[in-house]
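Written out below as structure tokens is the structure these notes cover.
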Amino acid sequence: MKLKIFILALSIFFSGINAQVLYSHPKGQDFYEGGRQGFNNDIREAIVKNNMKPCDKTEALFMRFIIYPDNKVKYVADTDTIAVENNKCMKNKVLEVMKHVKNWKPAEINGNKTPAMFCNLFTDDFLFDKGFSEEEFSKPIYMYKDKESDIKKFRENFAKCFDSNGYKSNIDYSFTLNFDVDTSGEAGFFYIDNQSNLEKFNKMVVDCASNTSKSYWKPGYYKGVPIKQAFKMPIRFNAN
């Protein structure tokens with residue numbers, strides 16, 4: 001089985017860190033005691049116990065963290081610096097409250113504890129358990145030739161990009177492409193589940209999924225605040 005390995009040195013910057021980290025916990029494993037609901041309950045309890053207050057304005061920030069084998073948790077520095085600056089209150093509050101939640105569960109591979117990431121969209125509605133409404137969210141919009149399109153068009157353009165590069169497969173091959181669309185509509189933080197052993201192929205996957213002058217994204221929003229969102233797209237090539 002190929003593992004979900006994310007090479008930090010290739011994609012995000014960590015001072016002094018050059019290590020392999022799982023993109024997420026393996027299927028069937030939780031990142032927190034009691035799963036995501038356990039995490040939600042504990043972080044909200046910590047908000048109340050520490051008398052934390054809502055931000056003065058609506059803020060929403062997508063954040064990633066790494067859970068290490070020793071149960072320590074570290075924030076993954078975000079390259080979307082505009083979003084971080086515009087949601088500074090939220091970032092600081094989340095980093096403070098994370099000090100008070102302790103029931104982390106490191107990922108395990110073959111019985112060995114392994115660093116792994118998890119992510120969450122943080123808002124005051126989430127932290128203070130005010131509830132979410134689907135109407136308050138808008139998803140990223142894929143744009144092609146300055147017209148609004150959809151994920152089907154993205155997949156179509158992705159396939160055409162491979163064709164134009166002369167790619168042909170002599171075996172059936174499938175993988176899952178994970179990526180973010182940030183608050184500027186930039187596609188990034190690419191990760192290929194079941195990636196090829198050919199570096200050139202993996203680079204072509206990223207290049208074909210990246211924004212161009214004709215194909216790009218408009219960001220999603222929460223209550224009028226632009227937010228980063230993660231996408232997961234299964235891809236399959238059949239043998240020619």
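As the structure is a computational prediction, the values presented were derived from the model and not from experiment. Excluded from the calculations below are hydrogen atoms, water molecules and symmetry mates; all remaining heavy atoms, backbone and side chain alike, are included.
A salt bridge does not link Asp78 with Arg64: none of the charged nitrogens is closer than 4.0 Å to a carboxylate oxygen. Salt bridge present: Asp125 and Lys223 bring a charged side-chain N and a carboxylate O closer than 4.0 Å. The pair Asp129-Arg44 meets the salt-bridge criterion, since a charged nitrogen lies less than 4.0 angstrom from a carboxylate oxygen. Ion pairing of Glu156 with Lys160 is present here, as a side-chain N (NZ or NE/NH1/NH2) and a carboxylate O approach within less than 4.0 Å. Using a cutoff of 4.0 Å between basic side-chain nitrogens and carboxylate oxygens, Lys49 and Glu45 are scored as salt-bridged. Asp193 has no carboxylate O lying under 4.0 Å from a charged side-chain N of Lys232, or vice versa, which leaves the two without a salt bridge.
At most 12 non-hydrogen atoms from other residues, nucleotides or ligands lie less than 6.0 angstrom from CD of Glu135. More than 12 heavy atoms of other residues, nucleotides or ligands lie within 6.0 Å of NZ in Lys57, so this atom counts as buried by the packing criterion. Other residues, nucleotides and ligands place more than 12 heavy atoms under 6.0 Å from the CG atom of Asp70. By the 6.0 Å contact criterion, NZ on Lys153 is enclosed, its count of non-hydrogen atoms from other residues, nucleotides or ligands being greater than 12.
When all heavy atoms of Ala60 and Ile227 are compared, the closest pair comes out as CB-CG2, 3.6 Å. Contact record, Ala107 with Leu22: CB-CD1, 3.7 Å, taken as the closest heavy-atom pair. Asn157 and Ser215 get closest at one heavy-atom pair: ND2-CB, 4.3 Å. Among all heavy-atom pairs drawn from Asn87 and Val225, the shortest one is OD1-CG1, 3.9 Å. The two residues Val84 and Lys91 have their closest heavy-atom pair at CG1-CD, 3.6 Å. In terms of heavy-atom proximity, Ser149 sits nearest to Ile141 at O-CG2, 4.3 Å.
Note: Phe31 and His25 have perpendicular aromatic rings, judged against thresholds of 30 and 60 degrees for the angle between ring planes. Ring pair Phe39/Phe118 is perpendicular by interplanar angle, where above 60° counts as perpendicular and below 30° as parallel.
Between Tyr32 and Val101 the shortest side-chain heavy-atom distance falls below 4.5 Å. Side-chain atoms of Asn50 and His100, non-hydrogen and from C-beta on, do get closer than 4.5 Å to each other. For the pair Glu136/Tyr222, a side-chain contact is recorded, criterion being any heavy-atom separation below 4.5 Å from C-beta on. A 4.5 Å side-chain heavy-atom check between Phe158 and Leu177 finds at least one atom pair inside the cut-off. Side-chain contact check for Tyr68 versus Pro106: every heavy-atom pair is 4.5 Å or farther apart. Taking the side chain as every heavy atom from C-beta outward, Phe62 and Gln229 never approach each other to under 4.5 Å. Residues Met90 and Phe122 form a side-chain contact, since some pair of their non-hydrogen atoms from C-beta on lies under 4.5 Å apart. Using a 4.5 Å heavy-atom threshold, the side chains of Lys93 and Cys55 count as touching.
Aromatic ring centres of Phe65 and Trp104 lie farther apart than the 6.0 Å criterion allows. Aromatic rings of Phe179 and Phe154 (six-membered ring for Trp) have centroids within the 6.0 Å cut-off, being under it. Taking the six-membered ring for Trp and the full ring otherwise, the centers of Tyr173 and Phe201 sit less than 6.0 Å from each other.
Transitive grouping of hydrophobic side chains (ILVMFWY, heavy atoms separated by less than 4.5 Å) keeps Val94 and Ile82 in distinct clusters. Cluster membership check: Leu121 does not share its hydrophobic cluster with Tyr221, using side-chain heavy-atom separations under 4.5 Å among Ile, Leu, Val, Met, Phe, Trp and Tyr. Grouping the Ile, Leu, Val, Met, Phe, Trp and Tyr side chains by contacts below 4.5 angstrom, directly or via other members, places Tyr144 with Trp217. Connection of Phe231 to Val205 is established within a shared hydrophobic cluster, with ILVMFWY side chains joined at heavy-atom distances below 4.5 Å, either directly or through further cluster members. When hydrophobic clusters are built by joining Ile, Leu, Val, Met, Phe, Trp and Tyr residues whose side-chain heavy atoms come closer than 4.5 Å, directly or via intermediates, Leu61 is grouped together with Val73.
Note that CG of Asp207 and OG1 of Thr212 are 11.5 Å apart. Values are rounded to the nearest 0.5 Å. How far CG of Asn120 is from CG of Leu127: 8.5 Å, rounded to the nearest 0.5 Å. In this structure, Gln20 CD and Thr114 OG1 are separated by 10.0 Å, a value rounded to the nearest 0.5 Å.
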Tyr142 and Val181: CA distance, side-chain angles, deciding distance, side-chain contact (heavy atoms from CB on, under 4.5 Å) verdict: CA-CA 10 Å; Tyr142 183 63; Val181 173; over 6 Å; no

Worked verdict on Asp80 versus Thr183 for side-chain hydrogen bond (donor to acceptor under 3.5 Å, both in side chains): CA-CA 7 Å; Asp80 190 351; Thr183 61; 2.7 Å; yes

side-chain contact (heavy atoms from CB on, under 4.5 Å) assessment of Asn178 paired with Phe190: CA-CA 6 Å; Asn178 301 268; Phe190 295 100; over 6 Å; no

Salt bridge (Lys or Arg N to Asp or Glu O under 4.0 Å) between Lys53 and Asp124, intermediate numbers included: CA-CA 9 Å; Lys53 305 298 182 185; Asp124 279 330; over 6 Å; no

Step-by-step side-chain hydrogen bond (donor to acceptor under 3.5 Å, both in side chains) determination, Tyr216 to Asp146: CA-CA 9 Å; Tyr216 54 93; Asp146 294 326; 2.9 Å; yes

Test log, rule side-chain contact (heavy atoms from CB on, under 4.5 Å), inputs Ile192 and Asn194: CA-CA 6 Å; Ile192 305 168; Asn194 192 31; over 6 Å; no

Leu95 and Met63: CA distance, side-chain angles, deciding distance, side-chain contact (heavy atoms from CB on, under 4.5 Å) verdict: CA-CA 10 Å; Leu95 292 181; Met63 301 174 71; 4.0 Å; yes

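No donor-acceptor pair closer than 3.5 Å links the side chain of Glu33 to the backbone N or O of Lys105. Lys72 contributes no side-chain N or O that, together with a main-chain N or O of Pro69, makes up a donor-acceptor pair within less than 3.5 Å. A donor-acceptor pair under 3.5 Å links the side-chain atoms of Glu59 to the main chain of Cys89, judged by distance alone. Under a 3.5 Å cut-off, the side chain of Ser196 and the backbone N or O of Leu198 do form a donor-acceptor pair. Within the 3.5 Å criterion, the main-chain N or O of Ala187 finds no donor-acceptor partner in the side chain of Asp182.
For the residue pair Glu96/Asn92, the side-chain donor-acceptor check at 3.5 Å is not satisfied.
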